[in-house]
Amino acid sequence: MKVMKFGGTSVGKPERMHQVAQLITKENEPKIVVLSALSGTTNTLVSIGDALAKSDKEKAKEIIDTLEKHYRSFVLELLQTAPARDKANKILDEHFEFLNIITRISFNEALNKDILAQGELMSTKLFSVYLEEKGIKHALIPALEFMSIDANDEPQVPAIRQKLIPVLASHPGITLFITQGYICRNIRGEVDNLKRGGSDYTASLVAAAAHCSVCEIWTDIDGMHNNDPRVVGKTLPVEQLSFEEAAELAYFGAKILHPTCIWPAQSEKVPVKLLNTMQPEAAGTVITQEAGSVGVKAVAAKDGIIAINIKSSRMLLAYGFLRKIFEVFEKYRTPIDMVTTSEVAVSLTIDTDAFLPSIVKELEPFGHVEVDKDQTIVSIVGNDIAQTQDILSKLFDTLKPVPVRMVSYGGSKHNVSMLIPSAEKLKTLKLLNKGLFGLN
Ligand code: ADP
Ligand code: ASP
Ligand code: MG
């Protein structure tokens, strides 16, 4: 059994869905196909929720109508026969009736999660109608029946396995399963999700739960590139990454992968492949247990970082000081990404301002607190990078023109991270592309 996950752009146009159908029927290995929503849909659903949260029902209705038009014309191109189009339009009737009803009732966060789930529900149902029209035998298995998160909003592989295996077994003779990425049920049984970009996470969780031979992530680029292709001109795919390297890159901003999607596959030693739907013959990137070659493989950048500096000449050297500081972040369930300390100060970074005012207030008794927003973490990732000769001198040479605020080195064998003002990101990534990879 293998998992094949197709992202938004891979299903975003009718001809792309046709192509996906070809890719999944190429060979006989049984497979679970995980689909995202059509590209742009989840953003649109977010804006519907935003409008309703502001009680702007007219705006919400306007957005829903535009989305509906898009789906109605999508169906006309996706399907050729009248019965199939009829079936697809009935599916759309249901989902758009739901969205329209929601504009008339009182809005809350649980309803918002229902809104966000519509994209994946529609893409998989439409794809299933297309497969049926083509006579391709398959089963559409609802992710809401087996994908779950616990009381801490974390998915657990054993819990998913326990529900997924009977669902698969209830379709004897079927070797092609289609399901939704991203969506799940929470501990209260409500519809929830694995956060933006979460379809990758679904794929990895399902691959681990079903002990798959491989988890293929099909997207619009031929693998993990050495730098962010949206920011710098010339980038190249990285052939091989270890699970650790891939996890660091995903966590520190490589958008091609959801930040936490590596651990489930890693926990069951399922290799992950990043492949291009538009160029299926390209080698892409293989992510496995093996570390592969030593040295720098790629850089990534994570925006929206907040730096907090606590200065205290009296307390820092006292034992227990750092614990007290960290406890404040623990209390507000806010993860810390980077930490540096000196004799009189500690600097750390977080990636959300959800509880910032409360955190600052509770830190103030410990010393003078300074907050800098609009920061970016740039991570340089590679196997045993900390052992790579001259890496630091090369980095500092390359980044001479950049005001680096913090450096984290030695915490992980695979990563050197720097904190820079976000306004310097473009320059920094371009300098690293030239300095580390010789690319312009
Ligand atoms: P999908 O909709 O298939 O999940 P995403 O948009 O989430 O696709 O991820 C693919 C995109 O990630 C690429 O189009 C690319 O612009 C972006 N990206 C950012 N950093 C990298 C990187 N280091 N390597 C490859 N792609 C990257
Ligand atoms: N559709 C969801 C999103 O856009 C999940 C995904 O595509 O991975 O975030
Ligand atoms: Mg994605």
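Ligands are counted one by one from 1 in listed order, and the atoms in each one are counted from 1 as well.
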>> Can a donor-acceptor pair be found, under 3.5 Å and without considering hydrogens, that links the side chain of K273 to the backbone of P271?
In response: no
> Can you tell me if T103 uses its side chain to pair, donor with acceptor, with the backbone of K57 under 3.5 Å?
Replying inline: no
>> So if I count the atoms of ligand 2 from 1 in the order they appear, which ones are less than 4.0 Å from some heavy atom of R196?
In response: 3 (C), 4 (O), 9 (O)
> Does some non-hydrogen atom of N227 fall short of 4.0 Å from ligand 1?
Replying inline: yes
> Which residue and non-hydrogen atom of the protein lie closest to atom 6 (O) of ligand 1, and at what distance in Å?
Replying inline: K255 NZ, 2.8 Å
> Are T349 and Q375 linked by a side-chain donor-acceptor pair shorter than 3.5 Å?
Replying inline: no
> So is D200 polar-close to ligand 1, meaning N/O to N/O under 3.5 Å?
Replying inline: no
> To the nearest 0.5 Å, how far apart are CD in E245 and CD1 in I262?
Replying inline: 11.0 Å
>> Does only the side chain of S36 get under 4.0 Å from ligand 2, or the backbone, or both, or neither? Count heavy atoms.
In response: side chain
>> Using only atom types and a distance under 3.5 Å, with no angle test, would you say the side chain of E133 pairs donor to acceptor with the backbone of T81?
In response: yes
>> Can you confirm, on distance only, whether ligand 2 has an N/O atom lying under 3.5 Å from any N/O atom belonging to K5?
In response: no
>> Between ligand 2 and E120, is the shortest N or O to N or O distance under 3.5 Å?
In response: yes
>> Taking only non-hydrogen atoms of G119, do any sit less than 4.0 angstrom from ligand 2?
In response: no
> Taking both backbone and side-chain atoms of G197, is any N or O found less than 3.5 Å from an N or O belonging to ligand 2?
Replying inline: yes
>> With nothing but distance in play, are any N or O atoms of T219 less than 3.5 Å from an N or O of ligand 1?
In response: yes
> Are the side chain of R16 and the backbone of G8 linked by a donor-acceptor contact shorter than 3.5 Å?
Replying inline: no
> Does an N or O anywhere in A254 fall below 3.5 Å from an N or O of ligand 1?
Replying inline: no
> In Å, rounded to the nearest 0.5 Å, how long is the span from CZ of F107 to NZ of K54?
Replying inline: 11.0 Å
> Under 3.5 Å, is there a donor-acceptor pair linking the side chains of T376 and D303?
Replying inline: yes
> Atoms of ligand 1 less than 4.0 Å from I221 heavy atoms?
Replying inline: 13 (C), 25 (C), 26 (N)
>> Taking 4.0 Å as the limit for heavy-atom contacts, which would you say applies to H258 with ligand 2: side chain only, backbone only, both, or neither?
In response: neither
> Should P229 be listed as contacting ligand 1, given a heavy-atom distance under 4.0 Å as the test?
Replying inline: yes
> What atoms of ligand 1 come closer than 4.0 angstrom to any heavy atom of G223?
Replying inline: 24 (N), 25 (C)
>> If the contact criterion is a heavy-atom separation under 4.0 Å, does S199 count as touching ligand 1?
In response: no
> Is it the side chain (CB and beyond), the backbone, both or neither of H225 that lies under 4.0 Å from ligand 1, heavy atoms counted?
Replying inline: both
>> Per the side-chain hydrogen bond (donor to acceptor under 3.5 Å, both in side chains) rule, what does the pair list look like for residues 397-408, sequence neighbours excluded?
In response: D372-R405
> ligand 2 and D200, any nitrogen or oxygen pair closer than 3.5 angstrom?
Replying inline: no
> For S379 and Y251, what are the C-alpha separation, side-chain angles and deciding distance, and is it a side chain to side chain donor-acceptor pair (under 3.5 Å)?
Replying inline: CA-CA 10 Å; S379 285; Y251 186 74; over 6 Å; no
>> Checking the side chain of D390 only, and the main-chain atoms of K394 only, is there a donor and an acceptor separated by less than 3.5 Å?
In response: no
> Are H225 and D222 linked by a side-chain donor-acceptor pair shorter than 3.5 Å?
Replying inline: yes
> Nearest 0.5 Å, what's the CD1-OG1 distance between I115 and T42?
Replying inline: 12.5 Å
>> Using heavy atoms and a 4.0 Å limit, tell me yes or no: is K5 in contact with ligand 1?
In response: yes
> Of the backbone atoms (N, CA, C, O) and the side-chain heavy atoms from C-beta on, which set of I256 has a member under 4.0 Å from an atom of ligand 1: side chain, backbone, both, or neither?
Replying inline: both
>> With heavy-atom distances below 4.0 Å as the criterion, list the atoms of ligand 1 near D220.
In response: 10 (C), 11 (C), 13 (C), 14 (O)
